[in-house]
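A quick note: this is a predicted structure, and the numbers were derived from the prediction, not measured. A note on names: the letters A, B, ... follow the listed sequences, proteins ahead of strands, and every chain is numbered from 1.
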There are 2 protein chains.
Amino acid sequence: MTNKVKFERENVVRVASQLFWQKGFHATSTRDLQEAVNMRPGSIYSAFGSKEGLYCESLKDYTVQIKTQIEGFLSNADTILGGLHAFVENVVIKTKDCSPSAICMLVKANSEFAEKDSNLYELSLDLTAQFEAYLTQLFTQAINKGELSNTLTAVEYARFFQVQFTGLRGYFNRPNVEQFAEPMINQMFMLIKKL
Amino acid sequence: MTNKVKFERENVVRVASQLFWQKGFHATSTRDLQEAVNMRPGSIYSAFGSKEGLYCESLKDYTVQIKTQIEGFLSNADTILGGLHAFVENVVIKTKDCSPSAICMLVKANSEFAEKDSNLYELSLDLTAQFEAYLTQLFTQAINKGELSNTLTAVEYARFFQVQFTGLRGYFNRPNVEQFAEPMINQMFMLIKKL
DNA sequence: TTTTAACTTGAACAGTCGCTCAAAATCAAA
DNA sequence: TTTGATTTTGAGCGACTGTTCAAGTTAAAA
C-alpha cells in the first residue's frame, strides 16, 4: 500500500444521496455532485465508476438508513405498531423540514425511471421488494404478538402500510397542510388496527 | 390572414403530454418531442415559447382530461361513490397497460420539481389544489345524497381519497402485482364508507 | 532518502442540450 | 397572377453534459 483515499466513502455517499433525493437523478449534474462532495471528477469516477454507480450506492445506502431508523423507533416502543407510528410521525411531521423531500427517495426513483430495462429501474424494484419483505417480517411479529388480528396476512398489512405511507408522504409534499398530518396519521393506524 | 398553422394544437399537446408523463420533464429532450409531435424546433418554439411552455400546457391538458374522464364515469353510475370506484378501477386496472405510467402525471410533477420557486413546481401545486377542490365538490354531493356519513367533512374525504388513490397507483407501478389491485380498491372504498 | 504504486487534480473531449433565426414555403387577399 | 404577412424549415449556436487521462501529489515500503 502506498497511499490512502482522502475522503470517507460513507460521508460522500450520504451527501450525494441527499442531493439525488432532492433533485432526482436526471436533474443532478456531475458538477453539482463534485461541489457537494468536494471531489474532482477523477476521484469520483475512480471510486464509483459513473454517475449511475454513485446514484446506485446512494439509493442502497438510503434504504439501509431507513431500516436503521425503523429499528431505532421499534427498540424504543412497547409494540411494533407503536414503533411504526412513531417512525411515521417522525418522517411526516418532525423531520419533514430538514429532509430533502417529503417523498421517499425510493418512491421518487420508482417514479423517475420509466424504461423497464434500465439498471436504475431494476434497482428501485429490487429495493422496494426488499422493503416490502422487511415490513412483512414486522407485521408477522405484530400478528404473533397479538397486536393485530389475522384477518389479513402479514404481507397484506405490509401492502396496506406502504400504500398509506406513500400516499401520506406524497400528500404532505406541499406547503400549508401541516395541521392535517397528525390526525391523518392517527387515522391510518386506527384503520390498520380495525382491518 | 395569409397562412394557417398546419398542426392541430390539441393533438400536439396530447402527444407531448404522453411523452412527458412517461419520461418526466428533465429526461425528455426537445429532440424527443420534435420527433413525437413531428414538428421542427422553430414551429414548436413559435407555438409554445419553450420546452417549459409546452410542458405547462401538457400538464394543464392532462388535468382537464382526468376531470373529463371522471365526469364520464359519474354520468354512467348511480352514485358518486360508484362512479369514483369505476374510475379508480379503470385507471389502476383496465388502462394501466396502455398508460405511460401507473403514476398520475400530476403526482410525478410534484415529485420531480424540487425547487420551491420554479414555475413548474408552482403549477403542479396549483393544479393539485384545484383537483382537491374538485374532489371536495364531489364528496359534498355524496354527503348530501346520503352516500356518506358526515363524520368527516367533504374536504377530509377528498384528502383521504387522494392519499389512497396516489398510494395505490404508486404501489401498482411495478410488475407482478396485478392480482392484488381489485381487492385493494374494494378495500379502499369499503374504508371510505366506514369512516 | 529513494522508490513506487495509489490517489488526486483539472483541463479538455465528444456528445447532447435548449433554443435561434435567416431562408424557404405557404396561401388568403388584392 | 401577384403580393405579402405568416408559418415552417433545419443548420447551427453557445452552454452544458458525463466522462477521460496525463500530470502532479502523496505516503508506506525499501
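Comparing D:dG10, C:dT9, D:dT8 by their nearest atom to the side chain of A:S43 picks out C:dT9. If you check C:dA11, C:dC13, C:dC19 against the side chain of B:R31, the one that comes closest is C:dC19. Set against D:dT20, D:dT9, C:dT9, the side chain of A:R40 has C:dT9 as its closest nucleotide.
Taking atom CD on B:E35 and atom P on C:dC17, their separation rounds to 12 Å, with Å as the unit. Atom CZ in B:F48 sits roughly 16 Å away from atom P in C:dG18 (whole-Å rounding). Between the CD1 atom of B:I44 and the P atom of D:dT7 there is a distance of 16 Å, rounded to whole Å. One atom, CE of A:M39, and another, C1' of C:dC7, lie 10 Å apart when rounded to the nearest Å. Distance, A:L33 CG to D:dC16 P: 17 Å, rounded to whole Å. C:dG10 atom C1' lies 14 Å from atom CG of A:N38, rounded to whole Å. Atom NZ of B:K51 and atom P of C:dC19 are 8 Å apart (whole Å). Between B:D32 atom CG and C:dC19 atom C1' there is a gap of 15 Å when expressed in whole angstrom units.
Residues B:F25 and B:G42 each lie close to DNA chain C; by heavy-atom proximity, the contact nearer the 5' end of the strand is made by B:F25.
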>> For B:T153 and B:E156: C-alpha separation, side-chain torsions, deciding distance, then whether side-chain hydrogen bond (donor to acceptor under 3.5 Å, both in side chains) applies.
In response: CA-CA 5 Å; B:T153 61; B:E156 286 169 338; 3.3 Å; yes

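Residue contacts shown for B:T30 include a base, since a base heavy atom lies under 4.0 Å away. Base engagement by A:Q34 is indicated by at least one non-hydrogen atom pair under 4.0 Å involving a base atom.
A donor atom on one side chain and an acceptor atom on the other are not found under 3.5 Å apart for B:E71 and B:T68.
Between A:F139 and A:Y157, the ring planes lie parallel to each other; the angle is under 30°, not in the 30° to 60° tilted range.
Side-chain nitrogen and oxygen atoms of A:Y45 include none within less than 4.0 Å of the OP1 or OP2 phosphate oxygen of D:dT20. For the pair B:S29 and C:dT16, the criterion of a side-chain N or O lying under 4.0 Å from OP1 or OP2 is not met.
Side-chain N or O atoms of B:Q18 include none that pairs as donor or acceptor with a backbone N or O of B:V15 at under 3.5 Å.
Considering every non-hydrogen atom in both A:Y121 and A:K116, the closest pair reads CD2-O, 3.4 Å.
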